[in-house]
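Notes follow once the structure below has been shown.
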There are 2 protein chains.
Amino acid sequence: MIHVFKKYLIDKITITDEEWALFEQYGVMKKLRKHQYLLQEGDVWKLNAFVCQGCLRKYHVDDKGIEHIVFFSIENYWTGDRESLLSGLPAKSNIDAIEDSVVLLYSIENFELIKSKIPAFKDFVIGLLERSFVVSQNRVHSFISQTAEEKYLDFIKTSPQIAKRVPQHMIASYLGISPETLSRVRKSAVKK
Amino acid sequence: MIHVFKKYLIDKITITDEEWALFEQYGVMKKLRKHQYLLQEGDVWKLNAFVCQGCLRKYHVDDKGIEHIVFFSIENYWTGDRESLLSGLPAKSNIDAIEDSVVLLYSIENFELIKSKIPAFKDFVIGLLERSFVVSQNRVHSFISQTAEEKYLDFIKTSPQIAKRVPQHMIASYLGISPETLSRVRKSAVKK
DNA sequence: GAAAAAACTTGACAAATATCAAGAGGGATC
DNA sequence: GATCCCTCTTGATATTTGTCAAGTTTTTTC
């Protein structure tokens, strides 16, 4: 299953066989069954996780027990709780598998080590972070300016692969609207 | 005015006099009068801007001509349009001064040059980006889970310095609510 | 310091969205 | 293949928030 990561990596940067050996050496593969947790609220997150197969979600649970999904990760996405990673404090979020999944884990120490040994990888990770920030900012913009319908149409346009495989009520959660509203939005959007 | 940046910098990382000279050499100071643009939609953004004094906002204008504020930057904050910077495409956002302001500008080429010459600075910028991403994600979380009142109370708690100096209707825009709703929220929140 | 502009508040009403409740459909499981 | 669970839909109603309009207060400008 590590070939998924290798393909991803060589598609982004040029690396030697010796360098690739580092990724193989330090990476730990983990299988997750549907509904299984990768991170539970209260635990400290100390990893970087690359999704080789499947689909995961990161979410918060509020006082009323309602789940709010912050993001989805499918194949070739990274996941984790950067806030806990940076602060060393217990995570406020949960990450679990929506489908049976396979993730490749790097402890933060090993990840830093690899970055220091492979400057091109470090630069790639910086670029990734920069793009992630832009995506996040655009999502903020969508929340302050769009209606439920606009957010949904935007979502299926920008994330069709995720829209297809994730249950509708989770998409509603991700968009910050109720499942009923999403159902109605879809119905009326089809007509147009 | 560059002393503001120097203070900021030596507070974060240890640098030599020679290294500081780079920042002085490449930085361009720019004064902005209130309402003056630092970036206008349609222009390509190629800088990194550090705010030495004043307050700026980054915002988008929608089809109806309504401004949606994505973020505020005061002293010791950075601003810019990373999306345009990364893509090389015209910016979709505007940045202007809410107060008379002074910003320190680095062209992206010079900024990269400095980062390559001062690894500690490069690492600091990465950490900054990581924290910015976390802040942005938390803001997304606030949008999917909080009411207008909760968002406002959260805002004045986490950004009291900004809440104090920015007009209320701009805070409303930043929170994604109407000025009238914010006015009512404030009124009812005071009672509690 | 007067005039003009901008910012804020308030009320009445409209629209969007949430909530609650019931039921229908589809897929997993034994 | 029957049962159960999960998901989605739909209707009725409640709540939140937005819109429009007017008036008041505050700030800016000359």
Side-chain angles (χ1 to χ4, degrees), chain A residues 33-36 54-55 57 59 62-69 72 96-101 142-156 162-192, chain B residues 32-36 54-55 57 59 61-69 72 96-101 142-156 162-192:
Chain A
R33 306 229 25 217
K34 187 174 175 175
H35 298 134
Q36 191 178 344
C55 184
R57 62 176 178 157
Y59 63 98
D62 70 16
D63 318 328
K64 294 173 194 152
I66 299 168
E67 297 171 352
H68 301 280
I69 298 176
F72 298 107
D96 69 13
I98 297 178
E99 309 169 1
D100 290 350
S101 303
S142 128
F143 278 115
I144 62 181
S145 63
Q146 294 184 315
T147 64
E149 177 168 332
E150 288 167 337
K151 284 189 282 183
Y152 174 67
L153 294 176
D154 231 51
F155 174 70
I156 55 174
I162 294 175
K164 262 178 245 158
R165 61 204 278 189
V166 168
Q168 201 170 300
H169 69 275
M170 290 193 188
I171 295 176
S173 170
Y174 178 84
L175 297 176
I177 60 181
S178 70
E180 294 93 338
T181 295
L182 180 55
S183 176
R184 290 176 179 117
V185 155
R186 279 165 51 87
K187 191 180 176 185
S188 81
V190 167
K191 289 185 192 160
K192 293 176 186 169
Chain B
L32 293 169
R33 306 229 23 219
K34 186 175 175 173
H35 298 135
Q36 192 178 342
C55 183
R57 62 175 178 157
Y59 63 99
V61 181
D62 70 16
D63 318 329
K64 295 175 193 153
I66 299 169
E67 298 171 351
H68 301 280
I69 299 176
F72 298 106
D96 69 12
I98 298 178
E99 309 170 359
D100 290 351
S101 303
S142 128
F143 278 115
I144 61 182
S145 63
Q146 294 184 315
T147 64
E149 178 167 331
E150 289 168 337
K151 284 189 282 183
Y152 174 68
L153 294 177
D154 230 51
F155 174 71
I156 56 175
I162 294 175
K164 261 178 245 156
R165 61 204 280 190
V166 168
Q168 201 170 300
H169 69 276
M170 290 193 188
I171 295 176
S173 171
Y174 178 84
L175 298 176
I177 60 181
S178 70
E180 294 92 339
T181 294
L182 179 56
S183 177
R184 291 179 179 116
V185 156
R186 279 165 52 87
K187 192 179 176 185
S188 82
V190 167
K191 287 183 191 161
K192 295 176 187 170

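Note that these values count all heavy atoms, side chains included, but never hydrogens, waters or copies made by symmetry. Here is the naming used below: chain letters follow the sequence lines, and residue numbers restart at 1 for every chain.
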Please give me the minimum heavy-atom distance between B:Glu67 and B:Ser173, naming the atom from each residue. O-OG, 3.1 Å
To the nearest angstrom, the CE-P distance between B:Met170 and C:dA6 comes to 11 Å
Whole-Å gap separating P (C:dA18) and NE2 (A:His68): 11 Å
Kindly determine whether A:His35 and A:Asp96 satisfy side chain to side chain donor-acceptor pair (under 3.5 Å), including the steps that lead there. CA-CA 6 Å; A:His35 298 134; A:Asp96 69 13; over 6 Å; no
C:dC8 P sits how many Å from B:Tyr152 OH, rounded? 10 Å
Taking 4.0 Å as the cut-off, does a side-chain nitrogen or oxygen of B:Thr181 come that near to OP1 or OP2 on D:dG18? yes
Rounding to an integer number of Å, can you tell me how far A:Ile144 CD1 sits from D:dT17 P? 16 Å
Taking any heavy-atom pair under 4.0 Å as a contact, classify B:Ile177: base, sugar-phosphate, or nothing. sugar-phosphate
What is the distance, rounded to the nearest whole Å, between atom CD of A:Glu99 and atom C1' of C:dA28? 16 Å
Quick one: is B:His169 getting a side-chain N or O under 4.0 Å of the C:dC8 phosphate, OP1 or OP2? yes
Assign each of B:Ala148 and B:Lys34 to its nearest nucleotide of DNA chain D by heavy atoms, then name whichever residue's nucleotide is nearer the 5' end. B:Ala148
Under 4.0 Å from OP1 or OP2 of D:dG18: is there any side-chain N or O of B:Ser178 that close? yes
How are the rings of B:Phe155 and B:Tyr174 set relative to one another: parallel (under 30°), tilted (30 to 60°) or perpendicular (over 60°)? tilted
Answer yes or no: side-chain N or O of B:Glu180 and base N or O of C:dC8 forming a donor-acceptor pair under 3.5 Å. no
Is the distance from OP1 or OP2 of C:dT10 to the nearest side-chain N or O of B:Lys187 less than 4.0 Å? yes
Look at the side chain of A:Pro167 and decide which nucleotide, out of D:dT7, C:dA7, D:dT17, has an atom nearest to it. D:dT7
Atom-pair distance (CD1 on B:Ile66; P on D:dT17), nearest Å: 18 Å
Nearest whole angstrom, please: distance from the C1' of C:dT19 to the CG of A:Leu182. 16 Å
Any donor-acceptor N/O pair under 3.5 Å between C:dT19 base and A:Arg184 side chain: yes
Result of checking B:Arg33, B:Arg165, B:Lys34, B:Arg57 against B:Glu99 for salt bridge (Lys or Arg N to Asp or Glu O under 4.0 Å): B:Arg165
Look at A:Gln168 and D:dT9 and indicate whether a side-chain polar atom (N or O) is within less than 4.0 Å of OP1 or OP2. yes
Between CG on residue B:Leu175 and CG on residue B:Leu182, distance to nearest 0.5 Å: 6.5 Å
In whole angstrom, give the distance that lies between atom NZ of B:Lys64 and atom C1' of C:dA15. 11 Å
